[in-house]
Amino acid sequence: MTVITVFNQKGGVGKTTTCVNLTAALARMERKPLAIDLDSQAHLTLSLGLAGIPGKDSIAGFFRDDRSLEDLITTARGGLKVIPSHLELAKIDALFGSNKSIAGKLRAGVRESFPMNGTPILIDCCPTMGVLTLNAVLAADRILIPVSADYLSLQGVHRLDAALEALEKSLKRKFPRKVVVTRFDSRRKLSYEIYDKVGQHVGDMLCSTCITENVSLAEGPSHGMDVFSYAPHSQGAKDYQLLAEELLGQGFFD
Ligand SMILES: Nc1ncnc2c1ncn2[C@@H]1O[C@H](COP(=O)(O)OP(=O)(O)OP(=O)(O)O)[C@@H](O)[C@H]1O
Ligand SMILES: [Mg+2]
């Protein structure tokens with residue numbers, strides 16, 4: 001497996017949308033991906049039409065009850081393999097936050113449950129830097145950072161890069177990463193400016209594919225579907241297909 005953590009501590013930048021639809025794009029390409037919802041808001045879980053799963057059968061069961069990750073895999077309506085989340089995940093920080101060894105639990109669990117065979121595992125993070133996000137970052141082979149095409153999101157890129165560099169220094173390991181600009185609106189000059197500025201800051205870490213603002217990407221979750229199932233001919237589906245192809249071409253999932 002290759003673990004790709006979809007991370008940005010800023011809220012609403014398209015982490016969950018990217019995680020759902022990149023997973024769906026990879027599934028269509030027969031890469032047999034797995035998505036892990038590591039956000040107690042459970043937006044990825046709900047976006048894929050998985051409601052009513054008990055806490056013990058969610059990723060909270062892994063952290064709290066030592067359930068194996070394999071046992072927690074469920075299949076969403078469109079056929080995607082998912083380890084769902086539950087509101088109970090919000091308690092993990094309070095329960096285990098002071099236990100130093102908890103930060104490496106997900107990395108150890110992934111290594112125990114999944115062979116090293118190139119299966120992509122995509123982790124959707126919450127927008128805060130607590131114990132769960134630290135687990136996701138430490139488990140990562142690669143990090144994918146969605147940045148929405150607006151001014152405040154651009155400001156967050158600088159802080160995010162500094163935080164990852166500090167972590168790299170203390171852990172003495174690199175986190176190969178890519179940045180993808182989301183919610184790009186071709187009618188707005190600002191979108192182009194943000195794309196250029198992100199490029200100036202992160203250089204070739206910036207994906208050339210942008211994800212455009214597209215209504216099908218926003219509507220899919222209310223039908224419990226990824227964009228390929230909900231609107232296969234939409235611009236949103238095209239963008240995520242292109243992003244998957246670009247990242248595959250660069251060996252991001254190997
Ligand atoms: N390209 C897009 N076009 C249209 N709507 C989008 C697009 N990307 C995301 N959205 C919508 O914007 C909102 C925020 O997106 P999303 O939930 O993916 O962000 P997030 O970074 O996961 O948020 P959080 O930090 O709360 O987890 C959602 O309602 C989603 O449907
Ligand atoms: Mg989210």
Side-chain angles (χ1 to χ4, degrees), residues 4-25 35-51 58-59 76 80 82-87 89-90 93 122-130 132-137 143-150 152-157 159-160 163 177-188 190-192 194-195 198 207 209-244 246:
I4 295 98
T5 293
V6 183
F7 168 62
N8 189 335
Q9 74 258 66
K10 185 169 185 326
V13 293
K15 293 182 288 295
T16 302
T17 306
T18 297
C19 202
V20 164
N21 295 304
L22 198 52
T23 304
I36 301 181
D37 189 350
L38 206 61
D39 183 353
S40 62
Q41 299 178 100
H43 285 171
L44 180 138
T45 305
L46 298 171
S47 293
L48 289 169
L50 295 164
S58 77
I59 190 72
L80 293 187
V82 179
I83 297 185
S85 185
H86 187 277
L87 193 58
L89 194 64
D93 246 302
L122 287 90
I123 303 179
D124 186 27
C125 291
C126 61
T128 48
M129 192 64 203
L132 293 170
T133 305
L134 196 55
N135 262 274
V137 172
I143 295 181
L144 181 61
I145 303 171
V147 173
S148 58
D150 61 79
L152 293 177
S153 191
L154 175 67
Q155 299 309 306
V157 174
R159 280 198 304 275
L160 192 59
R177 48 192 182 269
K178 293 291 266 181
V179 175
V180 57
V181 171
T182 62
R183 311 203 68 162
F184 188 95
D185 185 341
S186 59
R187 295 163 306 179
R188 294 168 71 193
L190 181 66
S191 286
Y192 297 93
I194 301 282
Y195 183 84
V198 174
C207 295
T209 306
C210 286
I211 307 299
T212 28
E213 180 77 16
N214 178 257
V215 70
S216 299
L217 289 170
E219 286 173 353
S222 65
H223 298 270
M225 284 188 225
D226 64 76
V227 74
F228 298 96
S229 308
Y230 176 65
H233 304 296
S234 63
Q235 189 59 44
K238 283 182 196 142
D239 288 346
Y240 277 107
Q241 176 69 26
L242 281 175
L243 180 64
E246 179 181 345

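Order of listing sets the numbers, starting from 1, for every ligand and every atom in it.
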> Looking at Val198 and Val147, what are the two nearest heavy atoms and their distance?
Replying inline: CG2-CG1, 4.3 Å
> Within less than 2.8 Å of the Mg ion (ligand 2), any N, O or S from Thr17?
Replying inline: no
> Could you walk me through whether Ser47 and Thr16 pass the side-chain contact (heavy atoms from CB on, under 4.5 Å) check?
Replying inline: CA-CA 9 Å; Ser47 293; Thr16 302; 4.2 Å; yes
>> If we count only N and O atoms by modelled type, under 3.5 Å, do the side chains of Ser191 and Asp185 hold a donor and an acceptor together?
In response: no
>> Looking at ligand 1, would Gly12 count as a contact under a 4.0 Å heavy-atom criterion?
In response: yes
> Any N or O on Gly11 sitting closer than 3.5 Å to an N or O of ligand 1?
Replying inline: no
> For atom 19 (O) of ligand 1, what is the nearest protein heavy atom, given as residue, atom name and distance?
Replying inline: Gly14 N, 3.1 Å
>> Give me the nearest non-hydrogen protein atom to atom 31 (O) of ligand 1 as residue plus atom name, then the distance to 0.1 Å.
In response: Ala218 CA, 3.5 Å
> Cut-off 3.5 Å, side chains only: do Ser186 and Tyr192 have a donor facing an acceptor?
Replying inline: no
> Which is closest to atom 1 (N) of ligand 1 in terms of heavy atoms, Asn214, Thr182, Thr212?
Replying inline: Thr212
>> Distance check, rounded to the nearest 0.5 Å: Thr45 atom OG1 versus Leu87 atom CG?
In response: 11.5 Å
> Going by the atom numbers of ligand 1, which of them fall below 4.0 Å from some non-hydrogen atom of Asp39?
Replying inline: 27 (O)
> N/O of Pro221 under 3.5 Å from N/O of ligand 1, yes or no?
Replying inline: no
> Cut-off 3.5 Å, side chains only: do Ser148 and Asp150 have a donor facing an acceptor?
Replying inline: yes
> CD1 of Ile145 to OG of Ser153: how many Å apart, nearest 0.5 Å?
Replying inline: 10.5 Å
> If you look at every heavy atom in Cys207 and Leu243, which pair is closest and at what distance?
Replying inline: SG-CD1, 3.8 Å
>> Within the structure, is a non-hydrogen atom of Gln41 found at a distance of less than 4.0 Å from ligand 1?
In response: yes
> Got an N/O contact under 3.5 Å between Thr18 and ligand 1?
Replying inline: no
> Nearest protein heavy atom to atom 17 (O) of ligand 1, by residue and atom, and its distance?
Replying inline: Thr16 CB, 4.0 Å
>> If I apply the N/O under 3.5 Å rule, does Ile211 come out as touching ligand 1?
In response: no
> When only distance counts, is Thr17 in polar contact with ligand 1, meaning an N/O pair under 3.5 Å?
Replying inline: yes
> Can you list the atoms of ligand 1 that are under 4.0 Å from a heavy atom of Pro127?
Replying inline: 25 (O)
> Judged by modelled atom types alone, do Thr212 and Asp239 share a side-chain donor-acceptor pair under 3.5 Å?
Replying inline: yes
>> My understanding is that we take every heavy atom of each candidate and find the minimum distance to atom 25 (O) of ligand 1. Doing that for Glu213, Lys15, Gln235, which one comes out nearest?
In response: Lys15
> Which of the atoms in ligand 1, numbered in the order shown and given with their element, are less than 4.0 Å from a heavy-atom of Leu217?
Replying inline: 1 (N), 2 (C), 31 (O)
> Under 3.5 Å, is there a donor-acceptor pair between the side chain of Thr133 and the main chain of Thr128?
Replying inline: yes
> Can you list the atoms of ligand 1 that are under 4.0 Å from a heavy atom of Val13?
Replying inline: 19 (O), 20 (P), 21 (O)
>> For atom 6 (C) of ligand 1, is there a protein heavy atom at a distance under 4.0 Å?
In response: yes
>> Among all protein heavy atoms in this structure, tell me which lies nearest to atom 13 (C) of ligand 1, with the distance rounded to 0.1 Å.
In response: Arg183 NH1, 3.8 Å
> Nearest heavy-atom pair of Ala24 and Phe228: which atoms, and what distance?
Replying inline: CB-CD1, 3.6 Å
> Is any side-chain heavy atom of Val6 closer than 4.5 Å to a side-chain heavy atom of Ile123?
Replying inline: no
>> What I want to know is whether His43 and ligand 1 share at least one N or O pair that is separated by under 3.5 angstrom.
In response: no
